[in-house]
Amino acid sequence: MSALSRDDVAHVAMLARIQLTDDELDRLAGQLDQIVGWVGQINEVAAQDVPPMSHPLPLTNVTRADEVRPSLTPEQALAGAPASAQQRFSVPRILDEE
Amino acid sequence: MSTVTDLTSLTAAQMADGLAAGEFTSVELTQAHLDRIALLNPVLNAFLHVDSEGALATAADVDARRAAGEELPRLAGVPIAVKDIACTQGLPTTAGSRTLEGWIPPYDATIVTRLKEAGLPILGKTNMDEFAMGSSTEHSAYGPTRNPWDLDRIPGGSGGGSSAAVAAFLAPLAIGSDTGGSIRQPAAVTGSVGAKPTYGGVSRYGVIALASSLDQIGPCARTVTDAALLHEVIGGHDPMDSTSIDAPVPPVVEAAANRDLTGLRVGIVKELTGDGYQAGVQARFDESVELLRRAGAEIVEVSCPHFDYAMAAYYLILPSEASSNLARYDAMRYGLRVGPDGVDSPSAEQVMAASRDAGFGDEVKRRIILGTYALSSGYYDAYYGQAQKVRTLIARDFEAAFEQADVLISPTAPTTAFRIGDKLEDPMAMYLNDVATIPANLAGIPGLSLPSGVADEDGLPVGIQILAPATQDQRMYAVGAALEALLAEQWGGSGSVLDRAPDVTTGVTTGASAEDAK
């Protein structure tokens with residue numbers, strides 16, 4: 001059975017903010033369908049009453065003292081920015097034009 | 001030790017002793033490695049960036065401090081390579097991705113800080129599968145690393161740069177990261193040693209995240225003792241990593257001096273041997289089992305029935321976490337930014353989608369899409385939710401197995417190194433390389449791989465994996481060191497499997513020009 005169609009892959013890719021080309025969709029869709037079919041085998045395991053494990057360590061709410069400590073300067077924080085202006089990250093428009 | 005070239009063939013422990021005894025300086029030792037890198041890196045592509053100046057400056061500083069009579073950490077002056085997944089202030093850090101090409105982090109990872117505090121000259125940054133996704137280093141955006149045993153073969157992955165560097169004597173020590181086997185499998189296929197500590201045993205602050213509930217930093221080396229020495233430098237609690245264990249580093253160096261196996265219970269994991277393992281891999285494993293038995297260990301067979309589902313659970317949990325972690329590469333604050341073709345005044349969302357398409361390779365896209373799908377509404381319970389339950393069952397299998405055995409063993413990887421290109425178009429075949437290493441990551445327990453010999457059919461190295469309960473890392477070092485000594489006795493020579501590796505400098509035609517260029 002096909003788990004994942006080419007359209008599904010295109011949709012999920014957009015949810016993940018990856019604009020796949022047609023060639024990439026052709027290549028990845030078949031592979032992803034095969035992989036999704038294969039990982040689906042975990043549903044063969046009867047695990048209704050088993051608690052989920054999100055993490056190997058029994059840690060909860062690790063906190064630290066709320067104290068100011070040394071951090072990056074604005075220049076350091078902006079050093080890798082694709083574009084910056086006035087000590088801020090400069091980004092493309094975030095609203096639709098209309 | 002008569003020439004500088006010979007220095008690279010010493011173990012890290014011998015280098016440390018030689019430096020302490022004044023037999024040679026750290027500048028000489030570091031320069032010997034830089035020379036070998038200049039000669040061989042054009043062929044191996046193990047390093048993405050070499051920091052000669054920085055390494056020699058650290059070496060000179062260590063030499064000066066030693067000459068002044070200062071008491072120095074054991075590994076001070078011994079050079080090291082760092083996987084390009086750890087942030088290094090002032091040195092490019094790419095994680096093997098086009099999206100981070102040329103990025104220079106504004107801060108050091110905690111492990112890098114600890115290396116600097118311990119006085120280890122950092123030779124450079126090693127190649128890796130993009131964002132550590134892969135088992136061959138072929139998924140690097142900067143070309144594959146080649147296995148020093150056979151230049152047409154893979155050095156394992158994701159940490160193939162670190163394993164090749166160590167196995168080819170470009171560095172005595174290297175940093176690796178292991179999410180599903182990325183330290184242990186490269187060690188196995190290059191005839192070197194690699195250890196994944198207990199989850200939380202080594203800080204991940206400043207290390208580029210792949211899957212946060214699985215990732216662990218650890219040592220790559222040529223001997224078990226050298227791995228333990230590096231483990232001790234990088235291990236221990238770090239308040240900057242909230243998943244860091246607040247307890248002393250297990251006594252790994254002390255354990256690596258162990259040669260006594262009397263009464264030790266060694267469990268063979270039934271599900272991780274036999275079918276699917278290459279004949280030469282299985283043969284070397286069986287021989288090691290026999291050596292352990294003759295040395296007084298009690299061999300028992302244990303069954304971990306849910307391991308059959310470990311791969312499937314892993315390939316849901318890892319992509320789910322990765323899809324979330326890699327959301328940070330949004331082309332806004334750092335990393336590659338490109339606009340979509342033919343769009344005037346594109347929106348941030350369009351720029352983001354175009355940049356991520358241009359900046360990520362196929363394997364990264366596959367896993368992000370798979371993870372996004374597994375977490376999406378309507379599929380969460382059947383995929384991610386169910387995988388987390390299976391993860392519990394795998395951890396319980398380990399708990400039961402460790403009731404019957406002090407350590408568990410298996411071959412590290414099902415095959416020896418395969419040819420570059422062989423599995424590139426078949427992601428599923430690639431994933432199966434990690435069948436024996438993945439369960440440890442799911443449960444958070446430590447694992448170590450050391451060489452068990454070479455396979456008869458292809459003459460390539462084979463690794464054996466030793467697993468221990470969480471926080472009991474010293475056990476795998478104790479058993480590993482004892483087995484290493486037994487194998488060395490059997491093999492003779494220097495006792496290292498690397499004695500049997502072909503001379504990688506043979507046929508390196510760039511050698512003369514690299515020398516001239518200096």
Side-chain angles (χ1 to χ4, degrees), chain A residues 3-4 8-9 11-21 24 27-28 31-32 34-36 38-45 47-57 59 61-65 71-73 75-84 89-97, chain B residues 103-104 106-107 199-200 213 239 242-243 245 306 309 312-313 315-316 323 327 330-337 339-340 345-354 356-357 360 362 365-366 368-370 372-374 376 382-383 385-393 395 427-428 443-445 470:
Chain A
L4 206 57
D8 291 337
V9 172
H11 172 68
V12 177
M14 274 321 292
L15 292 179
R17 299 289 180 270
I18 301 175
Q19 178 66 61
L20 296 176
T21 63
E24 284 177 319
R27 189 166 66 246
L28 299 182
Q31 293 170 344
L32 281 163
Q34 188 195 7
I35 295 167
V36 167
W38 172 69
V39 295
Q41 65 174 286
I42 56 157
N43 287 298
E44 294 167 9
V45 182
Q48 288 89 331
D49 301 329
V50 177
M53 177 178 175
S54 62
H55 203 264
L57 291 177
L59 289 172
N61 297 337
V62 177
T63 59
R64 61 173 171 83
S71 59
L72 301 180
T73 63
E75 291 71 28
Q76 286 176 314
L78 290 167
S84 64
F89 295 103
S90 178
V91 302
R93 64 177 178 82
I94 55 168
L95 298 174
D96 282 334
E97 279 163 310
Chain B
W103 182 61
I104 297 179
Y107 69 106
Y199 180 82
S213 79
S242 63
T243 60
I245 296 172
H306 297 96
Y309 295 95
Y315 276 100
L316 286 163
S323 69
D330 56 8
M332 299 298 133
R333 293 152 302 161
Y334 63 128
L336 181 72
R337 178 187 289 183
S345 182
S347 67
E349 192 177 316
Q350 289 171 317
V351 169
M352 205 181 289
R356 286 162 66 82
D357 184 50
F360 293 151
D362 275 3
K365 288 173 188 169
R366 275 192 289 267
I368 289 176
I369 293 168
L370 181 60
T372 305
Y373 178 71
S376 62
Y383 291 115
Q386 176 72 3
Q388 286 188 309
K389 292 178 175 183
V390 171
R391 186 174 187 179
T392 300
L393 294 172
M428 300 273 301
I445 65 164

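The sequence lines fix the lettering, A, B, ..., with proteins before strands; numbering per chain opens at 1.
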Would you mind telling me which of [options] has the largest number of heavy-atom pairs within less than 4.5 Å of chain B?
| options | answer |
| --- | --- |
| L32(A), I94(A), L59(A) | L32(A) |
| S90(A), A83(A), A77(A), S54(A) | S54(A) |
| R64(A), E24(A), Q34(A) | E24(A) |

Which portion of L20(A) sits near chain B, non-hydrogen atoms under 4.5 angstrom: both

Contacting region of A16(A) [heavy-atom separation from chain B under 4.5 Å]: both

Heavy-atom closest pair, residues [X] and [Y]:
| X | Y | answer |
| --- | --- | --- |
| L57(A) | G200(B) | CD1-CA, 4.3 Å |
| Y383(B) | I42(A) | O-CD1, 3.6 Å |
| A443(B) | P56(A) | O-CB, 3.7 Å |
| V91(A) | R337(B) | CA-NH2, 3.9 Å |
| D357(B) | Q19(A) | CG-O, 3.0 Å |
| S345(B) | R93(A) | O-NE, 2.8 Å |

Plane angle bin for W38(A) and Y315(B) - parallel if under 30°, tilted between 30 and 60°, otherwise perpendicular: tilted

Does any non-hydrogen side-chain atom of [Y] lie less than 4.5 Å from one of [X]?
| X | Y | value |
| --- | --- | --- |
| S376(B) | V12(A) | no |
| V50(A) | R391(B) | no |
| Q350(B) | P92(A) | no |
| Y309(B) | E44(A) | yes |

Given 3.5 Å as the limit, does a donor-acceptor pair link the side chain of [X] with the main chain of [Y], or not?
| X | Y | result |
| --- | --- | --- |
| Q386(B) | V45(A) | yes |
| N43(A) | A382(B) | yes |
| T392(B) | P51(A) | yes |

Which portion of A470(B) sits near chain A, non-hydrogen atoms under 4.5 angstrom: neither

Chain A contact via I104(B) - which portion, at a heavy-atom distance below 4.5 Å: neither

Straight-line distance of M332(B) CE to F89(A) CZ, nearest 0.5 Å: 11.5 Å

H55(A), NE2: over 12 other non-hydrogen atoms inside 6.0 angstrom: yes

Max heavy-atom pair count under 4.5 Å with chain A, selected residue of S323(B), P340(B), P346(B): P346(B)

